[in-house]
Structure formats: C-alpha cells, structure tokens
Amino acid sequence: MMAAPTHGELLRRVSAAIIAGDGTGREAVQICLDAGIPVDEILFRGVISAWEEFCEWYARDPMGALKKWLDCFNTTYGALRTLESRLPPAGAFAPAILVCTARGENHVLMRDIISVLLKARGLRVYSYRKGLTMDEAYEAMVDRTLQYVVISCIQDDAIKSARDLIEGIRARRPDVKIIAGGPNADQIYPDAVARDIESLIAIINHG
C-alpha cells in the first residue's frame, strides 16, 4: 500500500502545475485544501514559490520563460480563484485594507496574490481588477474601518499615477497608512515600504 503524499509533496504539485502552465493548478490546490493545508501555506509554498522558480528560469532562459508566461499566469489565477472560493467571509468588524495598483500599472499578479493572502488572514480586502484612480476608490475611502492601503508600483511609467493616487488618498483619508511594494516603491512616497510579503505582514501586524 502506497503512503499518502506528504504536505510538502502536495505543495510541490501546485508549484509544478503553475510552472508547467498546464491548467491543473485548480486541481492541485483543491487537493491541498482537502488535505487540510492552510490557504496561506498554499500561497507561500505553492504559488509564490512557483513564481520564484519562474524568475530563476527567466534569468537562465528569458525567451523560453516568456513563451510559457501566459500559461503560467492563467494557471496561477485559476489557483487563486479556487483558494478564494474556500475563504469564509470576513467579520463585519474586521479591519479593512485596500490592495491596489494605480492606473497604467500592468503588473498585477502580486497585488492579487496579496489580496487573497490578506483575506485568508481575516481582513476585509478591497481589491479591483484594474488600476485605480481616486474616483474609483470611493467605496474604500468612505469605509471608516479602512486602516491600510497597499499599492504595488513596478512600471516606471506608472510612477506618476501612483503618486497622484497616494496624494488623493492622503487628502481624503489622512488616518490611513499607505504601504508600497515593488521596484519603484520608494519613488511614490508611501508611509512605509514593504520589501517582500513577510515585511508587509510585519508592518500590518505592528500597526
């Protein structure tokens, strides 16, 4: 009789499905969930580790990695949708957080991974499918439980729109702490810079 796969083996299946871009990410994630593996562990050791591997692949073979990028991207979003579907709704009095990119920023994968991760930790997360302007952030801005804005800025040509968004948020909600991540985080003048997901979590946990 064969031994059941370990949690580590199941998590590696998630990473392998994403790197292969073969559309089996949902199934691999579902198996992990059925095995009782927490959502944040699947994200860190399955989804995020796959993209760390993808970055190493890109460094070795840019053309080969780019040919598979869209398949990897789509498989990741299938995995994220499966994870999100298993999350209970946040409590009515849970702190709220806006996770966003500014208009013109096309690199959105980490934004959406972070959104699911924070939802898994019980926060009420405002997230949007496209880059935001102040007008489109109205729902989050009027929520008095909003405590943080997390904004990712990777593209150089999105710096100005990210600065404009931050200025608008500060004018409307000076009580909210703005955290930025990405290569251009320092250039958009947030209240704090998160160099990685662990430091983001630490900033949020410490207030």
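For the single chain, residues carry numbers from 1 onward in sequence order.
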Kindly write out the residues that satisfy salt bridge (Lys or Arg N to Asp or Glu O under 4.0 Å) with [X], not counting sequence neighbours, or none if the list is empty.
| X | result |
| --- | --- |
| Arg163 | none |
| Asp22 | none |
| Glu41 | Arg45 |
| Asp61 | none |

Looking at [X] and [Y], what are the two nearest heavy atoms and their distance?
| X | Y | value |
| --- | --- | --- |
| Val39 | Ala120 | CG1-CB, 3.8 Å |
| Ala140 | Arg173 | O-NH1, 4.0 Å |
| Phe54 | Ile19 | N-CD1, 3.8 Å |
| Cys100 | Leu165 | SG-CD2, 4.1 Å |
| Leu11 | Cys32 | N-SG, 4.0 Å |
| Asp157 | Gly104 | OD1-O, 4.4 Å |

Name all residues meeting the side-chain hydrogen bond (donor to acceptor under 3.5 Å, both in side chains) criterion together with [X]; count only those two or more places apart in sequence or in a different chain, and write none if there are none.
| X | answer |
| --- | --- |
| Arg81 | none |
| Tyr58 | none |
| Thr101 | Arg111 |
| Gln30 | Asp34 |

Ser49 versus Glu52, side-chain donor and acceptor atoms under 3.5 Å: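 No, no side-chain donor-acceptor pair sits under 3.5 Å.
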
query: Do Ser161 and Asp164 get their side chains close enough for a donor-acceptor pair, meaning under 3.5 Å?
result: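 Result is no, nothing qualifies.
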
Counterpart residues, ring pair (Phe, Tyr, Trp, His ring centres under 6.0 Å), relative to Tyr77 (two or more places apart):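 Tyr77 satisfies ring pair (Phe, Tyr, Trp, His ring centres under 6.0 Å) with Phe73 once adjacent residues are dropped.
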
- request: Under the side chain to side chain contact (heavy atoms under 4.5 Å, CB included) rule, what do Tyr148 and Ile179 come out as? Steps first, then yes or no, please.
  value: CA-CA 7 Å; Tyr148 297 96; Ile179 308 166; 3.8 Å; yes

Quick check: is [Y] connected to [X] through a chain of hydrophobic side chains (ILVMFWY, heavy atoms under 4.5 Å apart)?
| X | Y | result |
| --- | --- | --- |
| Val193 | Val99 | no |
| Ile114 | Ile18 | yes |
| Val150 | Leu117 | yes |
| Leu66 | Ile154 | no |
| Val14 | Leu80 | yes |

task: Return yes when atom CD of Glu27 has more than 12 non-hydrogen atoms of other residues, nucleotides or ligands closer than 6.0 Å, and no otherwise.
output: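 At most 12 heavy atoms, drawn from other residues, nucleotides or ligands, come within 6.0 Å of this atom.
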
Which distance, rounded to the nearest 0.5 Å, do you find between the [atom1] of [X] and the [atom2] of [Y]?
| X | Y | atom1 | atom2 | result |
| --- | --- | --- | --- | --- |
| Asp112 | Tyr128 | CG | OH | 13.5 Å |
| Leu200 | Met110 | CG | CE | 10.5 Å |
| Leu146 | Ile97 | CG | CD1 | 8.0 Å |
| Ile151 | Leu132 | CD1 | CG | 8.0 Å |
| Asn205 | Arg121 | CG | CZ | 7.0 Å |
| Ile31 | Ile37 | CD1 | CD1 | 10.0 Å |

message: What I'd like to find out is whether the side chain of Arg172 reaches to under 4.5 Å of the side chain of Tyr138, using heavy atoms alone.
response: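 A side-chain contact under 4.5 Å exists here.
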
- request: Take Trp51 and Cys72 through the side chain to side chain contact (heavy atoms under 4.5 Å, CB included) test and state the conclusion after the steps.
  value: CA-CA 9 Å; Trp51 283 94; Cys72 299; 3.9 Å; yes

Any donor-acceptor pair under 3.5 Å from [X] side chain to [Y] backbone:
| X | Y | value |
| --- | --- | --- |
| Lys177 | Gln147 | no |
| Gln155 | Asn106 | yes |
| Gln187 | Asn184 | no |

List the atom pairs, with distances to 0.1 Å, where a side-chain N or O of residues 82-96 and a protein N or O form a donor-acceptor pair under 3.5 Å, not counting sequence neighbours.
unit_1	atom_1	unit_2	atom_2	d
Thr82	OG1	Arg26	NH1	3.4
Thr82	OG1	Gly78	O	3.1
Glu84	OE2	Lys119	NZ	2.2
Ser85	OG	Thr82	O	2.7

message: Show me the pairs that pass salt bridge (charged side-chain N to carboxylate O under 4.0 Å, His left out) and involve residues 141-151, at least two apart or across chains.
response: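 Matches after skipping sequence neighbours: Arg124-Asp143.
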
- request: Please collect all salt bridge (charged side-chain N to carboxylate O under 4.0 Å, His left out) contacts where either partner lies in residues 182-192, sequence neighbours excluded, each pair once.
  value: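 Residue pairs with at least one partner in residues 182-192: Arg170-Asp191, Asp186-Arg195.
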
Derivation and outcome, side chain to side chain contact (heavy atoms under 4.5 Å, CB included), residues Ile204 and Leu118: CA-CA 10 Å; Ile204 292 171; Leu118 294 177; 4.0 Å; yes

message: Could you go through Thr75 and Thr24, starting from their C-alpha distance and side-chain angles, then the distance that decides it, and tell me whether this counts as side chain to side chain contact (heavy atoms under 4.5 Å, CB included)?
response: CA-CA 7 Å; Thr75 300; Thr24 62; 5.8 Å; no

